Peer 1: 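The structure follows.
Only this structure's heavy atoms are used, side chains among them; waters, hydrogens and symmetry mates stay out. Source: prediction; values computed, not measured.
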Amino acid sequence: MEEPTFEPDLIHSIMKRIWTLRTLERENVATNDAALDSEVGAGSSKKNRTTSGIYVIIILLTNFLFANASALKLTCELLRIFVTEAVQRAVAIAETEGDGQIEATHLESILPQLLLDF
């Protein structure tokens, strides 16, 4: 029987959301810089009308973002291994401290080394 893992569709949705947010952040910085450069003078009412158009294009393009099926499968497996390892290490810390369940402090203590290991 195959071990349970994360759903590729869920991982793809998360990736699309992150790609969209990062693109919007980059465009926002670029349009803010362009707006500052294009100011005619103090009190100018000149508007940067391309900003809203850029947002619409970005939102439409994110509907067409695809990730390779193999890459999604590999990402799901990596996340499964990462979470499993985090739980195992947190259980070991909880047992050494005599606790019957994992708490946030146990995860906080193992995360630095876990991130270095991955």
Peer 1: Supply the atom-to-atom distance Thr84 OG1 to Leu79 CG, rounded to the nearest 0.5 angstrom.
Peer 2: 10.0 Å

Peer 1: Filter on salt bridge (charged side-chain N to carboxylate O under 4.0 Å, His left out), then keep only pairs touching residues 91-114, sequence neighbours left out; what's left?
Peer 2: none

Peer 1: Can you run down the ring-ring contact (aromatic ring centres under 6.0 Å, His included) pairs that involve residues 95-118, sequence neighbours left out, and say none if there aren't any?
Peer 2: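 Every pair satisfying ring-ring contact (aromatic ring centres under 6.0 Å, His included) with a residue in residues 95-118: Phe82-Phe118.
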
Peer 1: Quick check: closest heavy atoms across Thr5 and Cys76, and the distance to 0.1 Å?
Peer 2: OG1-O, 3.3 Å

Peer 1: To the closest 0.5 Å, what do you measure between CG (Leu72) and CE (Met15)?
Peer 2: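 Answer rounded to 0.5 Å: 6.0 Å.
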
Peer 1: Which residues pass the salt bridge (charged side-chain N to carboxylate O under 4.0 Å, His left out) test with Glu7, not counting sequence neighbours?
Peer 2: none

Peer 1: Looking at residues at least two apart in the chain, or sitting in another chain, which of them share a side chain to side chain contact (heavy atoms under 4.5 Å, CB included) with Ser109?
Peer 2: Ile93

Peer 1: If you round to the nearest 0.5 Å, how far is CD1 of Ile11 from CG of Leu78?
Peer 2: 10.0 Å

Peer 1: Quick one: list whatever passes side chain to side chain contact (heavy atoms under 4.5 Å, CB included) with Asp9, sequence neighbours left out.
Peer 2: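 None.
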
Peer 1: Which residues pass the side chain to side chain contact (heavy atoms under 4.5 Å, CB included) test with Ile14, not counting sequence neighbours?
Peer 2: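 With neighbours one apart ignored, the set is Leu10, Ile18.
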
Peer 1: Pairs in or reaching into residues 109-118: which pass salt bridge (charged side-chain N to carboxylate O under 4.0 Å, His left out), with residues at least two apart or in two chains?
Peer 2: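 Found Arg89-Asp117.
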
Peer 1: Under the side-chain hydrogen bond (donor to acceptor under 3.5 Å, both in side chains) rule, collect the residues that match up with Arg80, sequence neighbours excluded.
Peer 2: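 Once residues adjacent in sequence are excluded, the partners of Arg80 under the side-chain hydrogen bond (donor to acceptor under 3.5 Å, both in side chains) criterion are Glu3, Glu77.
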
Peer 1: Output the distance between atom CD (Glu25) and atom CG (Leu21), rounded to the nearest 0.5 Å.
Peer 2: 6.5 Å

Peer 1: Suppose we screen for side chain to side chain contact (heavy atoms under 4.5 Å, CB included). Which residues come up paired with Ser13, at least two apart in sequence or across chains?
Peer 2: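 Side chain to side chain contact (heavy atoms under 4.5 Å, CB included) check on Ser13 returns nothing, list empty.
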
